[in-house]
There are 2 protein chains.
Amino acid sequence: MALERTAIVVAALDLLDQTGLEGLTMRKLAEALNVQAPSLYWHFPGKPALLDAMANALLEDVARTPVDGAEHQVVLRRSAAELRRALQARRDGAKVYAGTFVMGENVLRLAETIIGALMRSGMSARTSMRAGFTLLYYVLGFVIEEQAWQRQVGADPANLAAQLAQWGGRFPAIEAALSHFSDADQDDRFNHGVDLILNGLGQHGPSERERMEALFRALKSGR
Amino acid sequence: MALERTAIVVAALDLLDQTGLEGLTMRKLAEALNVQAPSLYWHFPGKPALLDAMANALLEDVARTPVDGAEHQVVLRRSAAELRRALQARRDGAKVYAGTFVMGENVLRLAETIIGALMRSGMSARTSMRAGFTLLYYVLGFVIEEQAWQRQVGADPANLAAQLAQWGGRFPAIEAALSHFSDADQDDRFNHGVDLILNGLGQHGPSERERMEALFRALKSGR
DNA sequence: ACCTGAACACCGTTCAAGT
DNA sequence: ACCTGAACACCGTTCAAGT
């Protein structure tokens with residue numbers, strides 16, 4: 001029953017928040033569902049399959065807003081922010097997602113939204129895909145490090161400067177930069193990276209030939 | 001003894017190649033070292049500490065080439081390629097790295113190389129850090145997905161088109177783009193993303209004010 | 001300083017059996 | 001169709017004891 005599968009995934013995500021990825025076990029999950037551990041194996045072939053379903057479920061609310069005729073920059077910025085938010089919403093969310101490779105509905109919808117917006121702006125399918133994935137990789141990497149930072153430094157902030165000081169001036173650029181690495185700054189940092197990628201896109205944008213092809217396609221489809 | 005610690009990490013990385021991250025256990029590692037499992041706890045406080053050491057060891061050969069006066073684009077391109085290669089060198093390398101947050105020597109040297117090159121080009125410490133991390137996040141995200149792809153699709157290539165076909169035309173942009181997603185193309189895809197980020201940097205580059213400040217600093221230090 | 005034996009409190013998964 | 005009991009082959013980690 002589809003309802004039961006969904007309920008298991010929901011319970012698994014709640015358990016994830018409580019225990020972290022390390023503490024997420026089939027036995028504890030079964031207990032949370034008032035069931036014996038082997039029952040889960042009727043619904044999922046194994047733990048990896050459950051983690052795949054969890055990864056896809058993380059993106060449930062991503063890329064739901066209609067794009068309409070929005071500029072590709074707007075679509076990409078919003079998509080990036082939504083993906084970050086979705087991965088951040090659960091403890092170890094980025095690590096769960098990073099451990100899987102799912103062609104699930106939510107993942108595909110997100111990719112379709114981004115790549116589609118780029119293609120509609122006149123870029124070729126090839127360039128759109130590459131640019132879109134560049135953005136997605138950036139977001140994934142960002143949140144992975146963001147959550148690792150929260151786990152490690154969030155638990156013991158004083159330790160950070162001490163660890164760096166241990167190398168005694170061997171890394172001056174980092175020391176100069178680290179003062180700009182504050183917790184309050186995370187959103188700005190994230191947006192700056194997104195802007196950097198969008199900015200790179202501007203130059204690389206549709207070539208003369210790609211513009212002509214896009215125009216031709218539009219005319220042919222009668223719009 | 002530092003020698004023993006290093007030997008453990010080397011053995012752990014070799015075991016990782018054989019078993020993957022899932023199969024990497026303290027007991028198997030101890031066996032590979034002809035020792036009982038509890039012995040490892042004299043050298044490392046626990047498995048997470050071992051994984052931290054492994055993550056840092058992955059970057060052993062990264063950012064070793066002297067930068068000299070190289071342009072920042074050259075430094076960044078090389079650093080990105082070296083990081084990708086290092087994470088790719090071991091099975092599940094990116095996942096091991098993504099699970100940790102280590103202020104280790106190798107990680108710091110890589111960050112110093114990138115951020116230092118950007119600062120020397122005239123960018124502020126703040127902008128250099130943000131741009132540098134954008135590149136690093138991209139590389140990390142790229143290799144995570146690259147290795148996930150190798151695990152999943154590499155094992156069963158025929159399955160891919162079938163999985164996508166299942167959604168029957170709901171994701172046309174992806175279908176159009178997927179033909180450009182070949183195994184042979186991975187290096188090109190990677191470089192394209194790096195170029196995109198470098199390209200975005202060009203516009204964002206040193207402002208007039210930042211150029212003046214850099215010039216002033218250079219003059220003051222007598223160069 | 002470095003390692004072992006024995007034990008504790010867990011794991012994921014299988015499978016026959018129940019309803 | 002869905003769940004349980006019992007078991008198998010493992011885990012990470014602790015700790016007293018050895019050398």
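Since this is a predicted model, take the numbers as computed values, not measurements. Sequence lines set the chain letters: A, B, ... in the order given, protein chains first and strands last, and positions in each chain run from 1.
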Check against side chain to side chain contact (heavy atoms under 4.5 Å, CB included), B:Gln88 and B:Gln147: CA-CA 7 Å; B:Gln88 268 286 10; B:Gln147 289 189 323; 3.7 Å; yes
Side chain to side chain contact (heavy atoms under 4.5 Å, CB included) between B:Leu24 and B:Met54, worked out: CA-CA 12 Å; B:Leu24 178 75; B:Met54 290 171 67; 3.8 Å; yes
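Taking a pair as Watson-Crick or G-U with both hydrogen-bonding distances under 3.5 Å, the stems of three or more pairs touching DNA chain D are C:4-8 with D:12-16, C:12-16 with D:4-8.
Between B:His43 and C:dC3, a side-chain N or O to OP1/OP2 separation shorter than 4.0 Å is present.
A residue-by-residue look at A:Gly23 and A:Pro45 shows that A:Gly23 has its nearest nucleotide of DNA chain C further toward the 5' end.
With salt bridges taken as basic N to acidic carboxylate O contacts below 4.0 Å, one links B:Asp187 and B:Arg84. One finds a salt bridge joining B:Asp185 and A:Arg130 here, because a Lys/Arg side-chain nitrogen approaches an Asp/Glu carboxylate oxygen to under 4.0 Å. Comment: A:Arg151 does not engage A:Asp156 in a salt bridge, judged by the lack of any side-chain N to carboxylate O separation of less than 4.0 angstrom.
Within the structure, side-chain hydrogen bond (donor to acceptor under 3.5 Å, both in side chains) contacts touching residues 18-41 of chain B (residues at least two apart or in different chains) do not occur.
Looking at the side chain of B:Lys47, the nearest of the listed nucleotides D:dG12, C:dG12, D:dT4 is D:dG12.
As rounded to whole Å, 14 Å separates atom P of C:dG12 from atom CZ of A:Phe44. In this structure, the CH2 atom of B:Trp42 is 4 Å from the P atom of C:dC2, given to the nearest Å. Separating the CG atom of A:Leu40 from the C1' atom of D:dC3 is a distance of 11 Å, rounded to the nearest angstrom. For the pair B:Ile8 CD1 and C:dC2 P, the computed distance is 11 Å after rounding to whole Å. As a whole-Å value, the separation of B:Tyr41 OH from C:dG5 C1' is 16 Å.
Near DNA chain C, meaning a heavy atom under 4.0 Å from it, residues 25-38 of chain B has B:Arg27, B:Val35, B:Gln36, B:Pro38 in order of number.
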Write out a two-atom table: protein N or O, nucleotide N or O from nucleotides 16-19 of chain C, distance below 3.5 Å.
none

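Looking at B:Leu201, B:Leu198, B:Asn199 one by one, the single match for side chain to side chain contact (heavy atoms under 4.5 Å, CB included) with A:Leu196 turns out to be B:Leu201. The one candidate from A:Tyr138, A:Phe142, A:Phe181 that meets the ring pair (Phe, Tyr, Trp, His ring centres under 6.0 Å) condition with B:Phe133 is A:Phe181.
Annotation for A:Arg85: atom CZ does not count as buried by contact number, only 12 or fewer foreign heavy atoms lying within 6.0 Å.
With sequence neighbours left out, the salt bridge (charged side-chain N to carboxylate O under 4.0 Å, His left out) criterion links B:Glu105 to A:Arg170. Under the salt bridge (charged side-chain N to carboxylate O under 4.0 Å, His left out) criterion, A:Arg90 pairs with A:Asp14, A:Asp17, sequence neighbours left out.
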